[in-house]
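Working notes, structure below.
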Protein chains: 2
Amino acid sequence: MDVLKKLRDVKLRPTKQRILLANLILDGKNKHFTAETIQKEVSTKGHNISLATIYNCLNKFVNVGLLKQIDQQGEVTIFDTNVSHHHHFLNQNTGELTDIEPNEITFSKFPKIPRGFQNDGVEVLIKIRD
Amino acid sequence: MDVLKKLRDVKLRPTKQRILLANLILDGKNKHFTAETIQKEVSTKGHNISLATIYNCLNKFVNVGLLKQIDQQGEVTIFDTNVSHHHHFLNQNTGELTDIEPNEITFSKFPKIPRGFQNDGVEVLIKIRD
DNA sequence: ATCTAGTTTAGAATAATTCTAACCTGTTGA
DNA sequence: TCAACAGGTTAGAATTATTCTAAACTAGAT
Ligand SMILES: [Mn+2]
Ligand SMILES: [Mn+2]
Ligand SMILES: [Zn+2]
Ligand SMILES: [Zn+2]
């Protein structure tokens with residue numbers, strides 16, 4: 001599908017930079033990437049977009065739902081005195097975490113671990129808000 | 001239980017700073033905190049520990065298993081072209097994320113959402129390694 | 001008391017992201 | 001068609017979390 005239409009649909013002005021990025025990113029394949037890796041890809045294609053613009057664009061794309069950001073709990077490291085395996089509620093209003101004991105969550109269906117790998121821990125994050 | 005013994009058990013020299021921190025942190029209650037918030041608590045108690053030392057100590061505590069760090073996927077923002085609700089494998093060897101479709105995971109037991117709050121999304125992270 | 005490896009510290013360094021403010025460009029409607 | 005302007009881009013500065021550096025300090029062993 002046309003990238004121009006995609007941008008117009010979400011009311012983002014289709015600038016050279018946004019068209020270039022959208023063509024790289026929104027090709028229908030599932031990808032995970034960072035601002036830096038995208039900038040390198042742009043570079044490889046013989047173009048140049050400033051890092052500020054990359055961030056501006058990606059953040060706009062997130063705002064309009066063309067992309068999402070993988071959940072981080074903010075930008076500071078959070079330490080936890082509960083060192084045993086457990087899960088968390090994340091209060092989206094405050095950023096506060098609350099423990100969920102592992103026996104509070106069980107699975108009736110669970111994906112096959114990819115061949116050659118082993119399960120190294122499962123963490124469930126339940127986002128809540130009031 | 002004695003904080004001196006706790007430190008000796010994990011072969012950390014019980015310095016003034018570590019004793020102070022251990023007394024604040026390792027009181028048996030489950031807490032989530034940051035380096036900065038702990039430094040403020042120290043301050044409130046009329047003491048002072050440099051931020052470098054706070055980080056040094058907390059990181060040591062993590063290394064010996066007295067604390068753990070809440071999972072962040074590194075320190076850079078990761079964007080995802082898959083904007084629908086889904087889960088992830090995290091390859092611990094490479095840091096790479098892979099999508100898990102939400103119908104691949106179902107729960108047979110799920111915790112009650114705290115009173116006054118509503119469920120705002122569930123994310124499962126399955127850590128794998130080879 | 002002495003020695004030494006490990007620890008603390010102030011401040012510099014690093015690195016991801018955002019901000020600033022000047023310049024540029026897509027779109028609109030006369 | 002094209003001037004006007006709202007919105008977009010950019011280089012570089014600012015911000016901020018964390019780590020590093022290197023000098024001073026100290027717990028524990030002898
Ligand atoms: Mn940030
Ligand atoms: Mn960092
Ligand atoms: Zn916890
Ligand atoms: Zn994904």
Side-chain angles (χ1 to χ4, degrees), chain A residues 2-25 32-40 42-43 45 47-64 66-80 95, chain B residues 2-25 32-40 42-43 45 47-64 66-80 95:
Chain A
D2 189 14
V3 141
L4 276 200
K5 176 163 171 18
K6 264 185 199 152
L7 290 171
R8 292 219 172 89
D9 280 353
V10 295
K11 300 187 167 36
L12 287 182
R13 209 182 264 182
T15 64
K16 254 197 309 288
Q17 291 81 352
R18 285 179 182 161
I19 292 167
L20 221 165
L21 288 176
N23 272 316
L24 275 182
I25 288 169
H32 303 96
F33 54 84
T34 69
E36 291 258 342
T37 60
I38 281 299
Q39 197 189 34
K40 279 195 195 91
V42 167
S43 210
K45 288 251 192 301
H47 300 90
N48 181 65
I49 305 180
S50 78
L51 200 50
T53 299
I54 304 262
Y55 276 110
N56 287 342
C57 289
L58 295 183
N59 287 336
K60 288 261 180 181
F61 286 5
V62 169
N63 291 340
V64 300
L66 287 174
L67 281 183
K68 73 174 181 182
Q69 259 187 42
I70 297 298
D71 263 298
Q72 321 137 271
Q73 271 76 60
E75 48 217 31
V76 288
T77 299
I78 297 169
F79 296 91
D80 192 341
Chain B
D2 189 14
V3 141
L4 276 201
K5 175 161 173 18
K6 262 184 203 155
L7 289 172
R8 292 218 172 87
D9 281 354
V10 295
K11 299 185 167 39
L12 286 182
R13 208 183 265 183
T15 65
K16 256 199 306 289
Q17 291 82 352
R18 285 178 183 162
I19 292 167
L20 222 166
L21 288 175
N23 273 317
L24 276 181
I25 289 169
H32 303 96
F33 54 85
T34 69
E36 290 257 343
T37 60
I38 280 299
Q39 196 189 34
K40 280 196 192 89
V42 167
S43 209
K45 288 250 190 303
H47 300 91
N48 183 65
I49 305 181
S50 79
L51 199 50
T53 299
I54 305 261
Y55 275 110
N56 288 342
C57 289
L58 295 183
N59 287 335
K60 289 260 179 181
F61 287 6
V62 169
N63 290 340
V64 300
L66 287 173
L67 281 183
K68 72 174 181 182
Q69 260 187 42
I70 298 297
D71 264 299
Q72 323 138 269
Q73 272 76 59
E75 48 217 30
V76 288
T77 298
I78 297 169
F79 296 90
D80 192 340

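We name chains A, B, ... by the order of the sequence lines, and we start the count at 1 in each one.
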Residues two or more places apart in sequence or in another chain: which of them pass side-chain contact (heavy atoms from CB on, under 4.5 Å) with [X]?
X	answer
Gln69(A)	Asn59(A), Val62(A), Gln72(A), Thr77(B), Phe79(B)
Lys16(B)	none
Asn56(A)	none
Lys40(B)	Glu36(B)

Does [N] have OP1 or OP2 sitting under 4.0 Å from an N or O in the side chain of [X]?
X	N	value
Gln17(A)	dT25(C)	no
Asn59(A)	dT18(C)	yes
Thr53(B)	dT9(C)	yes
Lys60(B)	dG6(C)	no

Q: Output the single nucleotide from dT9(C), dA16(C), dT10(D) whose closest atom is nearest the side chain of Ile49(B).
A: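 The closest nucleotide is dT9(C).
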Q: Identify, with sequence neighbours excluded, every residue that meets side chain to side chain donor-acceptor pair (under 3.5 Å) alongside Thr37(B).
A: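 Only Thr34(B) meet the side chain to side chain donor-acceptor pair (under 3.5 Å) criterion with Thr37(B).
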Q. Ser50(A): what forms a side chain to side chain donor-acceptor pair (under 3.5 Å) with it, not counting sequence neighbours?
A.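 Per chain and number, Ser50(A) pairs via side chain to side chain donor-acceptor pair (under 3.5 Å) with Thr53(A).
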Below 3.5 Å is the cut-off: list the nitrogen or oxygen pairs between protein and nucleotides 21-30 of chain D, distance only.
none

Q: Map every base of DNA chain C to its dot-bracket character, where paired means a Watson-Crick or G-U wobble contact with both distances under 3.5 Å and | marks a partner outside the strand.
A: ||||||||||||||||||||||||||||||
Q: Taking salt bridge (charged side-chain N to carboxylate O under 4.0 Å, His left out) as the test, write out the residues that go with Asp71(A), two or more places apart.
A: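 Result, salt bridge (charged side-chain N to carboxylate O under 4.0 Å, His left out) vs Asp71(A): Lys127(A).
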Q.
Using a 3.5 Å distance criterion without hydrogens, assess whether the side chain of Gln39(B) forms a donor-acceptor pair with backbone atoms of Ile49(B).
A.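 Yes.
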